[in-house]
Amino acid sequence: MKLPTRVTICEVGTRDGFQIEPEFIPTEQKIEVVDRLSATGMPRIEVTSFVSPKAVPMLKDAEAVMAGIVRRPGTRYSALVPNDKGAVRAVDAGVDDIHTVVSASESHNLANVNMTIAESLAKLEATAQVAHRGGKPVYAGISCSFGCPFEGDVPLAQLESVVERLVGFGAAGIGLADTTGMANPAQVGRALERLMPRFPGVEWTIHTHDTRAMAIPNILFAMELGVTHFDASIGGLGGCPFAPGASGNVCTEDLVHCLTAMGVDTGIDLDALIDTSTRVQAIVGRALPGQIVKAGKWTRRYPLPDGVKERLPARA
Ligand code: COA
Ligand code: ZN
């Protein structure tokens, strides 16, 4: 495999995850989770969203969360916004980066943000202006980049035209989001091979959901093609309230475990991350999909069964 020496993870659990928890997570617990994630050395955290509180009531405390967290030097704190109103709120709240959202599928975009793609892109042009005036880089995410739960296949040309507009607004990075876990590695490869050479200088992020157990395979193949930025969610929280069948993101500690085992540096303390995931499970009151919290790290060893030790051949 062609592996990079280092990748950058953006933790999105307190946004992508907490937005669809059935019970409202109290503000102080959201702050606690962000602070714990910061303490693991997490380089980027998408803390919350500045969206309509009617659309996503679970994140109506976005300002209070941003105001309450302890900012660790070395971590960049961002928030998701769908429009310029959200960007004004996010800049006022002191985010480092603005993450925007539009879908590559008309049906999902209408379901998610009540706009056609063209209407969204007009709003995002205004959003980018607000962000840039505030000195904040824009990272533009594209939902349903690899398939839509309503429309099925999303043509690559359609994805490409949305990327082109977002790059035109001065987006520093583009996030290709597999919102409902429909992408496979060959398809991710085809998209990246077309888009990466066409838009040089763009920082590419892959945002995966593990709905169909293809998240880590997709990430590994994107790494082969030179992508070094990935979103992930503590415990495997996550899902879109406006995409039926959506389930959790790739689990952060499982991904960091895989990368660490392969010798790829993330700058994240895996043990602290596992402890954080255990705490998040207590907060949400249920077991989460992550595997490493259950299995332990690959370095875990068990005592030998009775009678085996005596019969082991001597090692040279
Ligand atoms: N933050 C807070 N309030 C906002 C807002 C924002 N970013 N954008 C719009 N609003 C408010 C408006 O002020 C208005 O308030 P009012 O009813 O008190 O006058 C109300 O929301 C409706 O505004 P409108 O522009 O007509 O929006 P809409 O009802 O068509 O909804 C969105 C559009 C984009 C605001 C809404 O669909 C949304 O927030 N979606 C978020 C989806 C999401 O987060 N999905 C998951 C992540 S991908
Ligand atoms: Zn997502």
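This structure is a prediction, so every number in the text was calculated from the model and none was measured. Counting starts at 1 for both ligands and their atoms, following the listed order.
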Going by an N to O cut-off under 4.0 Å, is there a salt bridge joining Arg44 and Asp97? no

Atom 27 (O) of ligand 1: any protein heavy atom closer than 4.0 Å: no

How close do Val227 and Trp204 get, heavy atom to heavy atom, and via which atoms? CG1-O, 3.5 Å

Looking only at protein heavy atoms, which one is nearest to atom 46 (C) of ligand 1, and what is the separation? Gln19 OE1, 3.4 Å

Got a protein heavy atom sitting under 4.0 Å from atom 40 (N) of ligand 1? yes

Measure from atom 32 (C) of ligand 1 to every heavy atom in Thr127, Val102, Val113 and give the option owning the shortest one. Val113

Part of Val56 within contact of ligand 1 (heavy atoms, under 4.0 Å): side chain

Answer with yes or no whether the side chains of Asn109 and Ser120 bring together a donor and an acceptor at under 3.5 Å. yes

Side chain to side chain contact (heavy atoms under 4.5 Å, CB included) test vs Thr180 passes for just one of Cys240, Pro149, Pro244, Cys144, namely Pro149

When Thr48, Ile69, Val95 are each screened for side chain to side chain contact (heavy atoms under 4.5 Å, CB included) with Tyr77, the one that passes is Ile69

Using heavy atoms and a threshold below 4.0 Å, how should the contact between Thr179 and ligand 1 be classified: side chain, backbone, both, or neither? neither

The single option from Thr276, Asp231, Ile234 passing side chain to side chain contact (heavy atoms under 4.5 Å, CB included) against Glu11: Ile234

Under 4.0 Å from any heavy atom of Gly86, which atoms of ligand 1 are there? 7 (N)

Give a yes/no on ligand 1: does Pro53 have at least one heavy atom closer than 4.0 angstrom to it? yes

Return yes or no for this condition: an N or O of Asn112 is under 3.5 Å from an N or O of ligand 1. yes

Check each heavy atom of Leu80 against ligand 1 and say whether those closer than 4.0 Å belong to the side chain, the backbone, both or neither. side chain

Using a distance-only test with no angle check, is there a side-chain donor-acceptor pair under 3.5 angstrom linking Ser247 and Thr211? yes

Taking 2.8 Å as the distance threshold, tell me the number of protein N/O/S atoms next to the Zn ion (ligand 2). 3

Whether the side chain of Asn112 engages the backbone of His108 through a donor-acceptor N/O pair (distance < 3.5 Å, no angle test) should be reported. no

With a 4.0 Å cut-off on heavy atoms, is Arg15 in contact with ligand 1? yes

Salt bridge Arg36-Asp275, side-chain N to carboxylate O under 4.0 Å: no

Measure the shortest side-chain to side-chain distance between Phe230 and Ile216 over non-hydrogen atoms and say whether it is less than 4.5 angstrom. no

Electrostatic pair Arg286:Glu23 at N-O distance under 4.0 angstrom: no

Are any non-hydrogen side-chain atoms of Glu160 and Leu195 less than 4.5 angstrom apart? yes

Would you mind telling me if ligand 1 is within reach of the side chain of Phe242, the backbone, both or neither, using heavy atoms under 4.0 Å? side chain

To the nearest 0.5 Å, what is the distance between CD (Glu253) and CG (Asp271)? 11.5 Å

Counting only heavy atoms on the protein side, is anything nearer than 4.0 Å to atom 24 (P) of ligand 1? no

Using a 4.0 Å cut-off to any heavy atom of Ala55, which atoms of ligand 1 qualify? 36 (C), 38 (C), 39 (O), 40 (N)

Any side-chain heavy atom of Ile9 sitting closer than 4.5 Å to one from Leu259? yes

Considering non-hydrogen atoms of the protein only, which is the closest contact for atom 2 (C) of ligand 1, and what is the distance? Arg89 NH1, 3.1 Å

Between Arg15 and Gln19, do the side chains contain a donor N or O and an acceptor N or O under 3.5 Å apart? yes

Would you check the N or O atoms of Val51, main chain and side chain alike, for any that come under 3.5 Å of an N or O of ligand 1? yes

In Å and rounded to the nearest 0.5 Å, what is the CE to CD1 distance from Met58 to Ile20? 9.5 Å

Below 4.0 Å, non-hydrogen atoms only: which portion of Ser52 touches ligand 1? Side chain, backbone, both or neither. both

Should you measure from each heavy atom of Asn114, which atoms of ligand 1 turn up under 4.0 Å away? 28 (P), 30 (O)

Short N/O distance, under 3.5 Å, between Lys85 and ligand 1? yes

Tell me the protein heavy atom at minimum distance from atom 8 (N) of ligand 1, and give that distance in Å. Asn83 ND2, 2.8 Å

Are Ile219 and Met1 grouped together when hydrophobic residues (ILVMFWY) are joined by side-chain heavy atoms under 4.5 angstrom apart? yes

Is there a protein heavy atom at a distance of less than 4.0 Å from atom 17 (O) of ligand 1? yes

What are the atoms of ligand 1, with element, lying closer than 4.0 Å to any heavy atom of Lys54? 16 (P), 17 (O), 18 (O)

